[in-house]
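Numbering of residues begins at 1 and proceeds along the displayed sequence. Counting starts at 1 for both ligands and their atoms, following the listed order. FYI, side chains are in, hydrogens and waters are out, and symmetry mates aren't considered; it's all heavy atoms of this structure.
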Amino acid sequence: MSIRLLPPEVVAQIAAGEVIERPASVVKELVENALDAGARSISISIEAAGRERIQVVDDGAGIPADEIALAVTRHATSKLARPEDLFRISSLGFRGEALASIGAVSRLTITSKVAGAAGGARIRVEGGRAGKVERVGAPVGTAVRVENLFYNVPARLKFLKADITERRAIDTLITRYALAYPQVRFRLSEGERITFQTAGDGDRRAILAALYGVETAKQLLELQAEEESIRVRGFISPSSLTRSNRKEITFFINGRWVQDVPLTSVLLQAYHTLLMVGRYPLAALFIEIAPQEVDVNVHPAKAEVRFRNAERVLGFVQRAVRRALLAYAPLPAVPASVWGARPPAANLDWQVAHAEAARATEASPAAGPEEAGLNPPWPTAPRLPLLRLVGQIGAAYLVAEGPDGLYLIDQHAAHERVLFEKLMIQHAMRNVLSQALLTPAVVQLPPAGARLLSEQLPALQRLGFEVEEFGANTFQVRAVPSLFANGDPSLALHAIVEDFEEDERPLQDEIEKRLAARVCKRLAVRAGQTLSPEEQRALLSDLERCESPRTCPHGRPTMIHLSVEVLERQFGRRGAR
Ligand code: ADP
Ligand code: MG
């Protein structure tokens, strides 16, 4: 075949394919245009999950009648003037191709009017062919209607998922944008039914409540941090509130929703060991950064960005999240049942007080710019005070006295934490001490487990295990981390392959942490093991040195604290409630 230029319709469809993949992509482009036009109210209605019709009506600036034909032309935009502007983009659009692309693969009608104009204008585009501009009466703003999406691209139609999936993609998109733009009123409807709407009064918590329910929204921690030319604010879940996937982790950068894997992974690292394996936090974080620090022209759908200094941004976000988490992390409250009718609720009070303080600080205009960094000022994260060992009870718990009361420590969870942190410190220094076994241990695993394990051999090696394949589903362990010198290597290998979720592809660093957490759990002292006084003391002082002594690596509490006040109240020495 000889080389030929592609016919213009094919060029247009190829280009459209990069931007408009499904109904939700249409909604995204239209909503972004409305936001760029300064709309205060955006109403989105769809029919048949967006296949039949998508309409977005806004009250933004509108398009002048003499420019409306240009708006549907490829590479025509009002948002970029000079080449340099490409490197400091502050609008959501800039490529000038969304309307042209939508027009190429649907029946598109745009009606618009600018303030002060005598009337509005309307243009229709069908399969890439634009009709004449008509004069019509219209309110100020823009209404864009997209009918029969992909009617002329049957191949694309076949790739659309079930209605429920396409609808969910639109729901997710609108709820995310509503969260990012709380001052804008959003309304989403399908047919006669309004499926989601916001007040546009700037109240993000109310939007979170609409999204997740009041109870969950109440628990979300508010976060805000700022340093030179970068700021992050938003909500994250406490470690007690999790999901089984990452779908509720959202990042916006300068008002743009981005799918950014490195940001997600630093967020997860900030939760380092506070979450149980396979659980993920909820987060909606809004990052503002000087436009010249970020390149948004990476992908036609503009869903990815590049930072000029990624390390700085990632480090900043991670520190902000970590600080918020540690600051808010309460000690596990004593279950009410322990106290009969009078629960101490001390920790709850603490949490509520801080949440209220946070709100008060935010509301007060006095909180000026001198309050850089975290705002409100959270208390610095308490680690453990020095503890005096009292003894062991039930061969399961250590009892200790601190300056602020009594501590009951779960020996298994505490040891798990200690082993884990020791191992991870050595791992971070790339110097895990390992000990060769006198006689290598031979371990047989079920086939699926064996396959998983053989994929993880390099990770295991970095954790101080020397394991090699030794025939079908069989492995030979030649060395183990010195920390586990007395443990059973077979238990360790089994622990590693148990409930490993195959569909998850965590980052390498995370995999290693997870593997480590699992082995530590399996090899930590158990409840029922009597510890000598020396062992008890060693465990306690190791725990005091831990970075996160209050939870085990899987997120369960290692201790219960009964404060002096709680004790006094219980014994009636203080104003009982
Ligand atoms: P881009 O957003 O990248 O500029 P689009 O194809 O999405 O490209 O839109 C082309 C132009 O049409 C925009 O630059 C803007 O001037 C105008 N426009 C599109 N939608 C709207 C709207 N809802 N309100 C006002 N102007 C709009
Ligand atoms: Mg646009």
* Per-atom contacts, ligand 1 versus F94 - under 4.0 Å to a heavy atom -> 1 (P), 3 (O)
* Before accepting this row, confirm whether a basic side-chain N of the pair R51/E166 lies closer than 4.0 Å to the acidic partner's carboxylate O. => no
* Asked: Does the distance from a Lys or Arg side-chain N to an Asp or Glu carboxylate O, for R312 and E227, drop under 4.0 Å?
  -> yes
* For the Mg ion (ligand 2), how many protein N, O or S atoms lie at less than 2.8 Å? -> 1
* Structure fact -> Looking only at non-hydrogen atoms, the one of D36, V72, I63 nearest atom 18 (N) of ligand 1 is I63
* Asked: Honestly, is R204 close enough over F286, meaning NZ or CZ under 6.0 Å from the six-membered ring centre and within 45° of the axis?
  -> yes
* Which ligand 1 atoms are under 4.0 Å away from a heavy-atom of G93? -> 2 (O), 3 (O)
* Closest protein heavy atom to atom 12 (O) of ligand 1, given as residue, atom name and distance to 0.1 Å -> A71 CB, 3.5 Å
* May I ask you to decide whether K79 forms a salt bridge with D36, counting only side-chain N to carboxylate O separations under 4.0 Å? => yes
* Asked: Does a side chain donor of either H427 or E512 reach within less than 3.5 Å of an acceptor in the other side chain?
  -> yes
* Which residue and heavy atom of the protein sit nearest atom 21 (C) of ligand 1, plus the separation -> N33 CB, 3.9 Å
* Structure fact -> the protein heavy atom lying closest to atom 22 (C) of ligand 1 turns out to be T142 OG1, 3.7 Å
* Asked: Can D85 and R82 be counted as an ion pair, charged N to O under 4.0 angstrom?
  -> yes
* Asked: Which atoms of ligand 1 are found less than 4.0 Å from any heavy atom of A37?
  -> 24 (N), 25 (C)
* To do: Using atom types as modelled and distance alone, determine if a side-chain donor or acceptor of R279 lies under 3.5 Å from a backbone N or O of T242.
  => yes
* To do: Enumerate the atoms of ligand 1 whose separation from the nearest heavy atom of A76 is less than 4.0 angstrom.
  => 10 (C)
* At a 4.0 Å threshold, what atoms of ligand 1 neighbour a non-hydrogen atom of T77? -> 1 (P), 4 (O), 14 (O)
* Asked: Should the pair F252 and W257 be assigned to parallel (<30°), tilted (30 to 60°) or perpendicular (>60°) ring geometry?
  -> parallel
* **Proximal ligand 1 atoms for E97, defined as those under 4.0 Å from one of its heavy atoms** => 6 (O), 8 (O)
* Taking R156 for its side chain and I20 for its backbone only, find out whether a donor-acceptor pair lies under 3.5 Å. => yes
* How far is atom 8 (O) of ligand 1 from its nearest protein heavy atom, and which residue and atom name does that atom have? -> G96 CA, 3.2 Å
* **N297 versus R306, side-chain donor and acceptor atoms under 3.5 Å** => no
* **Carboxylate-amine/guanidinium proximity below 4.0 Å for E248 and R176** => yes
* Asked: What atoms of ligand 1 come closer than 4.0 angstrom to any heavy atom of D58?
  -> 22 (C), 23 (N)
* To do: Please check if the side chain of D59 supplies one atom and the backbone of R40 the other of a donor-acceptor pair under 3.5 Å.
  => yes
* For ligand 1, which part of L99 has a heavy atom less than 4.0 Å away: the side chain, the backbone, both, or neither? -> both
* Asked: Do the charged groups of E126 and R107 touch, with an N to O distance under 4.0 Å?
  -> yes
* Which of the listed options, G141, A143, S101, S78, holds the heavy atom that is closest to atom 16 (O) of ligand 1? -> S78
* Would you call E134 and K132 a salt bridge, using N to O less than 4.0 angstrom? -> no
* Who's the nearest protein heavy-atom neighbour of atom 2 (O) of ligand 1, and how far? -> K79 NZ, 2.6 Å
* **Whether R95 lies under 4.0 Å from ligand 1, heavy atom** => yes
* Looking only at heavy atoms of G62, does any of them come nearer than 4.0 Å to an atom of ligand 1? -> yes
